[in-house]
Amino acid sequence: MADQVQYFIETRLPNHQRHYNSFDFPSVLSPKPTATPSLSRFTKAIKSQKPFLDSLLLKTGAVLFRGFPVETAKDFNDVVEAFGFEELPYVGGAAPRTNVVGRVFTANESPPDQKIPFHHEMAQVPEFPSKLFFFCEIEPGSGGETPIVLSHIVYERMKEKYPDFVGRLEEHGLLYTRVLGEGDDPSSPIGRGWKSTFLTADKKVAEERAAKLGMKLEWIGDGVKTIMGPIPAVKYDKSRQRKIWFNSMVAAYTGWEDARNDPVKAVTFGDGKPLPADIIYDCLKILEEECVAIPWKKGDILLIDNWAVLHSRRPFDPPRRVLASLCK
């Protein structure tokens with residue numbers, strides 16, 4: 001046990017972390033320098049040191065594992081399994097993804113020149129993951145970071161600057177509208193078709209699954225308009241006892257754009273009234289000001305608490321392959 005206690009060491013990444021009162025964001029863990037590189041040793045240490053890792057994630061919201069011998073998607077799947085979190089099926093999400101192995105999927109497969117705006121994963125549906133894993137299998141040529149930001153900081157800054165707007169959000173929530181094609185459209189960051197969104201080719205089954213998510217469907221030829229909400233834009237994180245900016249408002253308003261979708265119509269107040277563009281873009285500015293963007297290195301694993309942290313993706317020059325796994 002003592003050997004495993006010392007397996008993880010907390011390290012610093014100058015210029016790539018934010019320092020808060022009692023912690024660095026994100027936490028960065030590496031194997032102790034004297035440790036023999038071994039995937040099985042890494043997974044055993046995860047299991048034996050789970051309480052330490054859980055408490056670190058609760059405190060900081062995100063943990064980057066760097067310098068561990070994780071080479072392949074299967075290795076990554078073994079690491080995810082070692083944590084023991086229950087898998088969350090990807091039903092209702094917008095991003096085009098492909099299952100790679102086990103619990104591992106590609107991250108959003110939208111084109112490399114496109115930026116994916118800040119969001120909590122699947123904030124626009126009632127059942128969302130509590131934790132996300134990302135794994136860098138192939139380093140980007142350049143760019144391609146996954147910026148992260150603490151959600152309660154965004155809420156506090158928005159509440160201070162726009163109390164009336166935040167009050168309306170807390171009262172009415174948000175309504176999300178998205179038009180889906182039949183099949184996936186890899187040219188779009190929200191290009192997941194209705195068949196893969198609801199994991200069926202049967203419209204009636206799709207309607208049943210949508211209803212379970214609280215989503216209304218309006219069929220338009222081979223495509224479908226999905227209407228979700230009103231759902232809360234601000235949630236209360238019980239484990240940390242604070243309010244969080246838990247929504248996809250900025251992502252939808254600035255990024256849900258393709259041949260089928262107008263981003264300005266993609267998200268409104270829960271009563272159907274339009275959102276003020278100037279405040280949305282100022283919120284985007286706040287997200288950028290508060291975020292941390294660590295350049296990916298091959299083998300990196302980033303564990304994110306989806307209750308605490310929003311994430312995004314910057315454009316990149318290929319190659320880049322980042323894989324993901326979602327947990328309940």
Side-chain angles (χ1 to χ4, degrees), residues 1-71 75-85 121 129-137 139-140 144-154 237 239-242 244 289-312 322-325 327:
M1 184 71 176
D3 181 53
Q4 299 291 5
V5 167
Q6 295 171 24
Y7 182 71
F8 295 111
I9 57 167
E10 291 192 57
T11 55
R12 299 292 306 277
L13 290 177
N15 307 319
H16 291 301
Q17 287 171 293
R18 290 185 79 92
H19 185 71
Y20 293 97
N21 289 339
S22 59
F23 64 92
D24 292 320
F25 175 74
S27 269
V28 182
L29 294 181
S30 296
K32 65 179 180 180
T34 55
T36 308
S38 153
L39 183 67
S40 66
R41 190 156 182 214
F42 181 26
T43 56
K44 283 176 186 170
I46 289 167
K47 290 173 185 173
S48 67
Q49 289 301 290
K50 187 75 171 14
F52 161 68
L53 296 172
D54 285 344
S55 66
L56 193 62
L57 186 64
L58 182 67
K59 183 179 180 182
T60 67
V63 181
L64 175 69
F65 296 87
R66 173 164 284 182
F68 295 92
V70 186
E71 299 286 333
D75 292 349
F76 174 46
N77 192 68
D78 290 347
V79 171
V80 173
E81 292 279 4
F83 275 88
F85 302 132
E121 191 65 31
S130 69
K131 295 172 186 70
L132 322 169
F133 288 90
F134 292 108
F135 164 61
C136 180
E137 188 176 34
E139 276 180 42
E145 299 93 341
T146 301
I148 52 177
V149 60
L150 284 165
S151 191
H152 73 288
I153 301 287
V154 180
D237 178 359
S239 63
R240 297 175 181 85
Q241 300 187 312
R242 63 196 186 197
I244 50 173
E289 286 171 1
E290 294 291 343
C291 81
V292 172
I294 300 173
W296 283 110
K297 287 190 177 294
K298 179 174 169 56
D300 280 354
I301 292 177
L302 179 62
L303 169 58
I304 292 175
D305 188 322
N306 196 36
W307 275 95
V309 172
L310 300 101
H311 67 280
S312 65
V322 172
L323 305 178
S325 187
C327 306

Phe135 and Phe65: CA distance, side-chain angles, deciding distance, side-chain contact (heavy atoms from CB on, under 4.5 Å) verdict: CA-CA 9 Å; Phe135 164 61; Phe65 296 87; over 6 Å; no
Derivation and outcome, side-chain contact (heavy atoms from CB on, under 4.5 Å), residues Ser27 and Glu10: CA-CA 7 Å; Ser27 269; Glu10 291 192 57; 4.0 Å; yes
At their closest point, which heavy atom of His16 faces which heavy atom of Val292, and how far apart are they? O-CG1, 2.9 Å
As a quick check of understanding, evaluate side-chain contact (heavy atoms from CB on, under 4.5 Å) for Leu58 and Ser239, giving each step before the final call. CA-CA 8 Å; Leu58 182 67; Ser239 63; 3.8 Å; yes
Under 4.5 Å between any side-chain heavy atoms of Val309 and Leu150, yes or no? yes
Look at the side chain of Gln17 and the backbone N and O of Pro26, then say whether any donor-acceptor pair between them is shorter than 3.5 Å. yes
Hey, are the side chains of Leu303 and Phe83 touching, using non-hydrogen atoms and a 4.5 Å cut-off? yes
Can you find a heavy atom in the side chain of Phe8 that is under 4.5 Å from one in the side chain of Ile46? yes
Looking at Leu29, Ile301, Leu13, Thr11, which one forms a side-chain contact (heavy atoms from CB on, under 4.5 Å) with Arg66? Leu13
Of all residues at least two apart in sequence or in a different chain, which pass the side chain to side chain donor-acceptor pair (under 3.5 Å) check with Ser40? Ser38
Which atoms form the tightest heavy-atom contact between Pro147 and Cys291, and what is the distance? CB-SG, 4.0 Å
Taking Asp305 first and then Arg240, would you say they form a salt bridge - that is, a charged N and a carboxylate O separated by under 4.0 Å? yes
What's the spacing between Leu64 CG and Ile294 CD1 if we round to 0.5 Å? 5.0 Å
Glu71 CD to Phe76 CZ distance, which is reported to the nearest 0.5 Å: 14.0 Å
I need the Leu132 CG to Ser325 OG distance, nearest 0.5 Å. 9.0 Å
Might you point out which heavy atoms bring Ser151 and Ile244 nearest each other, and give the distance in Å? OG-CB, 3.5 Å
Side chain to side chain donor-acceptor pair (under 3.5 Å) filter on Ser55, not counting sequence neighbours, yields none
On the 0 to 90° scale, with breaks at 30° and 60°, tag the Phe85-Phe133 ring pair as parallel, tilted or perpendicular. tilted
Test log, rule salt bridge (Lys or Arg N to Asp or Glu O under 4.0 Å), inputs Arg12 and Asp24: CA-CA 8 Å; Arg12 299 292 306 277; Asp24 292 320; 3.1 Å; yes
Ignoring hydrogens, what is the shortest heavy-atom contact between Ile9 and Pro33? Give both atom names and the distance. CD1-CD, 3.9 Å
Please round to the nearest 0.5 Å and tell me the distance separating atom NZ of Lys50 and atom CG of Leu57. 9.0 Å
Donor-acceptor pair, distance only, cut-off 3.5 Å: does the side chain of Asp237 make one with the backbone of Arg242? no
Check against side-chain contact (heavy atoms from CB on, under 4.5 Å), Tyr20 and Arg18: CA-CA 6 Å; Tyr20 293 97; Arg18 290 185 79 92; 3.4 Å; yes
To the nearest 0.5 Å, what is the distance between CD on Glu139 and CG on Asp300? 8.0 Å
Could you pull out the closest heavy-atom pair between Ala308 and Gly61, with the gap in Å? CB-CA, 4.0 Å
d(Thr43 OG1, Asp78 CG) to nearest 0.5 Å is 7.0 Å
Hey, would you say the His311 and Phe134 ring centroids sit under 6.0 Å apart? yes
Measure across Leu302 and Ala62 and return the closest heavy-atom pair with its distance rounded to 0.1 Å. CD1-CB, 4.5 Å
Would you tell me whether Thr146 and Trp296 have side-chain atoms, one donor and one acceptor, within less than 3.5 Å of each other? yes
Which residues pass the side chain to side chain donor-acceptor pair (under 3.5 Å) test with Glu137, not counting sequence neighbours? Arg321
